[in-house]
Amino acid sequence: MSFPVVKGAAYALIQANEMVIHHGSTQTSERRKNPESEHLQKLPEHLRSFQDAVSYPPNQVYIGNLTPDALKEIPRPWYEAPVSGASRDGKYGEIMPEDEFLGLMKIVDVFDLVVLEEKFQKIVKEKIAAHPVLGDIKDLDKLSKNSANVDEISKLVAEHMGQPLYFEGKLVGCVKKAHEFDEALSDHVMFENLVSKASAVFALKLLLSKSSLQAEEVEYIIECSEEACGDMNQRGGGNFAKAIGEYCGCVNATGSDTRSFCAGPAHGIVEAAALAQSGIYKNIVVVAGGSSVKLGMNSKDHVKKGMPALEDMLGTFAIHITENDGESPVIRTDGIGRHRIGSGASPQAVMTAIVADPLDKLGYKIPDVDRYSAEMQNPEITEPAGAGDVPLANYKMIGALAVKRGELGKADLLNAVNNFGMSGFAPTQGHIPSGVPFVGHARDMIQEGKIERAMVIGKGSLFLGRLTNLFDGVSFIMEKNSGISNEAGFNKEEVRSMIAEAMRDFAKAFRVE
């Protein structure tokens with residue numbers, strides 16, 4: 001069988017300090033309950049500088065300048081061990097400052113909802129015009145139009161007509177509501193959706209710049225964030241995918257949105273793999289933007305413990321899936337794991353469904369997988385809030401299942417967990433950490449011969465939507481390519497030649513002399 005491949009991956013982070021304060025759900029909820037709370041007063045003192053965020057080791061891993069294995073060797077706390085000479089530019093992508101991102105939000109806004117202060121807009125335009133990836137973006141000239149003064153912006157915010165946009169403590173713009181009374185088009189929903197769209201556009205532009213994929217070659221886009229795009233008649237109708245592709249020059253693409261809470265990206269990659277293998281589409285991109293409401297979710301605990309507010313990063317990614325090229329790591333579509341409706345919710349039942357069952361189909365044992373990537377949340381963010389080391393908990397459950405199945409000795413458990421696991425390095429953005437941040441690293445490690453295969457696991461909390469108590473989980477295996485491409489196994493020109501020859505022979509047999 002000729003399996004589809006992971007051809008490329010891009011990752012980006014956007015530092016968003018002011019969004020932490022003004023738009024993160026923890027802070028907005030606190031402001032409604034107690035506007036003068038101690039937390040809101042202390043939080044600004046715990047915000048990092050942009051350079052501190054760039055130098056933070058997990059962020060350097062996310063954009064590809066450090067490997068997950070290198071992160072293991074850096075003593076914690078990581079926020080006290082900055083990477084010397086760290087760059088905002090990475091092998092897989094980039095870390096963007098908040099002012100440039102606000103400019104990008106206005107560029108991708110089709111309905112003139114983003115209003116920026118005149119001087120701020122002019123400065124931001126100069127930065128984006130000089131950006132190596134965004135300098136040629138569609139509608140850059142929007143940053144020369146429709147600016148406003150601070151008084152006009154303040155009035156829109158005061159009258160609840162717009163969500164405020166701040167930079168370095170100053171009001172520099174707002175996002176207006178898109179309808180008089182439609183809550184699905186309110187200013188705060190439009191703000192969240194434009195944040196997601198703009199960050200995803202950035203990731204896709206990075207993917208196109210760092211790979212051989214051309215924008216016009218993209219045929220299908222699967223968007224898999226956790227936001228909902230629509231109006232009061234269809235609140236989640238979509239379509240983020242085509243809106244993102246529009247600003248990246250993907251003129252030949254169509255697309256759709258896939259949702260399953262944190263498991264959405266894993267579903268999206270499985271869908272892309274199926275489309276590529278079937279031949280329906282050749283070049284598919286799976287993309288997701290960041291979530292503004294998840295900024296600073298655990299910041300209360302970080303502030304209480306005297307730490308930096310580490311959840312100041314919007315995360316985003318774009319992954320290229322295509323037909324087998326004979327080189328890139330394949331996705332084993334004959335071994336997709338899924339948590340069935342009837343699988344059960346116990347840790348053992350979950351791991352059996354999404355880890356053991358697909359491995360059994362392929363004739364593999366749990367230790368045959370070199371690396372597992374599941375819920376890659378940074379433990380330095382989650383542990384202070386009492387959630388523990390989430391990736392490590394997953395690895396221990398996988399290891400325990402291997403012991404129970406007789407595939408691993410109990411005495412070897414901790415060593416195996418250390419070998420097939422890795423430290424979490426992704427920002428707590430819900431869908432962003434769930435397995436997918438390792439895809440770029442896994443691709444490189446497989447191609448470099450460092451590992452043979454990896455399993456990427458997406459897990460989702462469907463009960464958060466209050467429609468079911470069910471849990472979700474999907475997994476797929478990335479593996480070394482056998483070297484047999486689609487072209488090697490099926491040559492269209494040869495087939496056409498064979499058919500033509502057969503038709504000529506058939507005609508000769510019936511020729512009347």
Side-chain angles (χ1 to χ4, degrees), residues 6 9-11 58 61-62 64 67-68 71 92 203 222-226 258-273 286-288 290-291 294 315-321 329-333 335-339 347 350-351 353-359 366 369-379 381-382 389-398 401 417 420-446 451 453-462 471-479:
V6 179
Y11 297 89
V61 177
Y62 191 83
T67 66
L71 187 61
Y92 304 142
I222 298 173
E223 197 276 344
C224 52
S225 70
E226 292 181 306
T258 289
R259 298 289 180 268
S260 190
F261 282 93
C262 301
H267 281 282
I269 290 177
V270 170
E271 292 164 11
V286 181
V287 63
S291 175
K294 291 187 173 71
T316 180
F317 68 84
I319 295 171
H320 177 203
I321 308 294
V330 301
I331 295 174
R332 290 295 300 268
T333 53
I336 301 298
R338 68 186 188 278
H339 183 267
V350 171
M351 286 304 175
I354 60 179
V355 175
D357 287 352
L359 292 177
I366 289 174
V369 175
D370 299 298
R371 295 296 174 93
Y372 288 91
S373 177
E375 297 184 292
M376 295 301 293
Q377 284 95 339
N378 177 351
I381 292 174
T382 56
D389 187 329
V390 180
L392 182 59
N394 279 282
Y395 305 143
K396 286 181 175 179
M397 285 189 283
I398 293 170
L401 183 59
V417 167
F420 64 58
M422 70 197 93
S423 297
F425 56 85
T428 48
Q429 286 273 285
H431 58 295
I432 297 296
S434 202
V436 176
F438 184 59
V439 169
H441 288 287
R443 183 177 183 275
D444 284 348
M445 292 170 75
I446 292 171
I451 63 174
R453 65 183 61 89
M455 178 179 278
V456 176
I457 300 168
K459 297 167 72 177
S461 304
L462 304 186
F471 176 85
D472 193 25
V474 176
S475 67
F476 60 90
I477 292 172
M478 291 175 61
E479 194 169 80

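Of the inter-residue distances, the one linking Q377 atom CD with D389 atom CG reads 10.0 Å to the nearest 0.5 angstrom. Note that the CE atom of M478 and the OG atom of S373 stand 10.0 Å from one another [nearest 0.5 Å]. To the nearest 0.5 angstrom, D370 atom CG is 12.0 Å from M455 atom CE.
Partners of F438 under the ring-ring contact (aromatic ring centres under 6.0 Å, His included) rule, at least two apart in sequence or in another chain, do not exist in this structure.
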Please evaluate residues M351 and N394 with respect to the criterion side-chain contact (heavy atoms from CB on, under 4.5 Å), reporting the C-alpha separation (whole Å), side-chain torsions for both, the decisive distance (0.1 Å), and the verdict. CA-CA 9 Å; M351 286 304 175; N394 279 282; 3.2 Å; yes

Decide side-chain contact (heavy atoms from CB on, under 4.5 Å) for I354 and K459; before the verdict, give the C-alpha distance in whole Å, the side-chain angles of both, and the deciding distance to 0.1 Å. CA-CA 9 Å; I354 60 179; K459 297 167 72 177; 4.1 Å; yes

Would V6 and I321 count as a side-chain contact (heavy atoms from CB on, under 4.5 Å) if you check the C-alpha gap in whole Å, the side-chain angles of each, and the deciding distance to 0.1 Å? CA-CA 5 Å; V6 179; I321 308 294; 3.9 Å; yes

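A donor-acceptor pair under 3.5 Å is absent between the side-chain atoms of Y62 and the main chain of P427, judged by distance alone. Under the 3.5 Å distance criterion, the side-chain polar atoms of H431 are matched with a main-chain donor or acceptor of Q429.
By the 4.5 Å heavy-atom criterion applied to side chains, K294 and I432 are not counted as neighbours. A heavy-atom distance below 4.5 Å is found between the side chains of I477 and L359. Between I457 and I398 there is a side-chain heavy-atom pair separated by less than 4.5 Å. Y92 places none of its side-chain heavy atoms less than 4.5 Å from the side chain of R443.
For R259, the CZ atom sits in a packed shell: over 12 heavy atoms of surrounding residues, nucleotides or ligands are nearer than 6.0 Å.
The aromatic rings of F317 and Y11 are tilted relative to each other, their planes meeting at an angle between 30° and 60°.
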